[in-house]
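The structure under discussion appears below in the form of structure tokens.
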Protein chains: 2
Amino acid sequence: MAKASDLHSDAARKRRNTTAEKIKQLILLSGLRPGDSIPTEPELCRELGVSRTSVREAMRTLTTLDIVEVQHGHGSRVGKMSLAPLVETLVFRGVLSSGDDLTALREVVELRSSFDQAMADQLISAHQGHDNQSLAQLVTQMKGKAAKGQTFMAEDRQFHAELLAPIPNKLAGQMVTAFWDVHTAVLPRLGLALPDDLCQTAQAHGDILEAVQSGNHDGYRTAVVRHYEPLLRMLDITAAWETQPENAAS
Amino acid sequence: MAKASDLHSDAARKRRNTTAEKIKQLILLSGLRPGDSIPTEPELCRELGVSRTSVREAMRTLTTLDIVEVQHGHGSRVGKMSLAPLVETLVFRGVLSSGDDLTALREVVELRSSFDQAMADQLISAHQGHDNQSLAQLVTQMKGKAAKGQTFMAEDRQFHAELLAPIPNKLAGQMVTAFWDVHTAVLPRLGLALPDDLCQTAQAHGDILEAVQSGNHDGYRTAVVRHYEPLLRMLDITAAWETQPENAAS
DNA sequence: CTTCATTTGTTCGTATGTATC
DNA sequence: CGATACATACGAACAAATGAA
């Protein structure tokens, strides 16, 4: 039993999965890049000397981390290593915290607000001499939908994505988008929706864009605060609603 | 368009692993909290109507996301939902990017610097009337080790953890600690070490602490910049070293 | 369009190490 | 120390999806 010795190895207890580490080392040693094909499961079994079940569990782990991507019936490729696992963890943390209060979700919103403030300099300098036609168009679309009482999830997400796009640090944009995905994924699962502050939110987007284009740091800061104001206010009243069951319909 | 692929992978992820979603729903409906016990694998098989292998793969996914924790031979419990998956993804992204240049690692360091800047107000207000004895002691230890040319990884990590501890938003501290873990995990795997800027780094920690205690916003900002200066400089020269193979020892 | 080989997804059976009593 | 329950691992078989002949 040569395999039994592997089970007793020290790394097996400390680290989660030795097979996953082997596959990661294989990717590194082979010089594979995101999008490149990964050997099939039988090939991995022979090269790593483990069973297909172990390979599959390791691949499941790496798939969860977006280190590999699998396509049923076709094969596996190196993943894009996105922030999807962060989003999934924070989403579940948010819906789980709805039992006591909404601190977990509030922390995400607060952190995103602070982070937006910190990106002021990079945003303004990155948008120098940049074309913002699509951003302005998104703002008008959001204002139009807000006036009709409609939500504008898609436009909101695309606005923030395009706003952060010209920043050289791509990780920053991914982080902001991840935070956006978290709180927009949690709110519907809690049965909540934005109140009648849609117009203020849409207007705040326009103010943010205008401040960034004109290089107005203070205006950007206040616009960001106004942008998150309705969301934080809703979290406040909802938390009070939770902690005061006298007003709750039950 | 990057958006189409994102939507595809998102939909594929949901379609692929329904067992993990069922287990998450079970945790939510049962009102379980982090640390509570989860039904055993045979019980999950009966309740969810799937095989042990499917339950195992789903548990592997949730374990990777730190939504559940497994104890060999004992059972499973609800996890702490930490940012460990984020760290693992960014670490692998960093070591993978060492092939071309070190942009991925640089982005992590830059983003951490931006985060530190964003935490200025909350840090200063949270440290009002707070005891910082252990923080000052950590600074003296770091300075002593730097003077002897020794590294101070443990003290560095504890310093940032304790510095962020009094902040009400716990997610912010976890995020900063996660970024610290990323770049300290990547650097050794690339065979790199900090140059002789140890004294400057140690001094920057002292300046950060002093600025936070005295409520000096500008001093905090400049101290944070000096704190990351040696690290960014090393990334610069290493990237230049990589792109100019004439100077590289084959 | 159909057929077929390849690859991943799922299930079952079995054996072994590990922790608790 | 032994017994029990559990997690871990291996192997085989079949189902589903993809792509090419």
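Protein chains get the first letters and strands the later ones, always in sequence-line order, with residue 1 at the start of each.
Using bins of under 30°, 30° to 60° and over 60° for the plane-to-plane angle, the ring pair B/F179/B/F115 lands in the tilted bin.
The distance between atom CZ of A/R77 and atom C1' of C/dT8, rounded to the nearest whole Å, is 14 Å. Look at CG on A/L44: it is 17 Å from P on C/dT6, rounded to the nearest Å. Taking atom CE of B/M59 as the reference point, atom C1' of C/dT10 lies 18 Å away to the nearest angstrom. The CZ-C1' distance, from B/R60 to D/dA9, rounds to 11 Å in whole Å.
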> How does protein contact run along nucleotides 2-7 of chain D, one letter per nucleotide 5' to 3', with B for base contact, S for sugar-phosphate only, - for none, heavy atoms under 4.0 Å?
Replying inline: ----SS

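Between A/E107 and B/K170 there is no salt bridge, since none of the side-chain N atoms of the basic residue sits less than 4.0 Å from a carboxylate O of the acidic one. Ion pairing between A/R52 and A/E41 holds under the 4.0 Å rule for side-chain N and carboxylate O. Note on B/E57 versus B/R60: no salt bridge recorded, every NZ/NE/NH1/NH2 to OD/OE distance being 4.0 Å or above.
Considering CE of B/M81 and CD of B/Q174, their distance stands at 10.5 Å, rounded to 0.5 Å.
Inter-residue side-chain proximity for A/L105 and A/L187 is flagged as met; some heavy-atom pair is nearer than 4.5 Å. The shortest side-chain heavy-atom distance between B/D181 and B/R157 falls under the 4.5 Å cut-off. Contact annotation: the side chain of B/T177 never approaches that of B/L164 to less than 4.5 Å [non-hydrogen atoms, C-beta and beyond].
One axis for each end of the helix from C/dT2-D/dA21 to C/dC21-D/dG2, each built from five base pairs, and the angle between them comes to 10° at 10° resolution.
When distances run from any side-chain atom of B/R52 to the nucleotides C/dT11, C/dG13, C/dG9, the shortest one goes to C/dG13.
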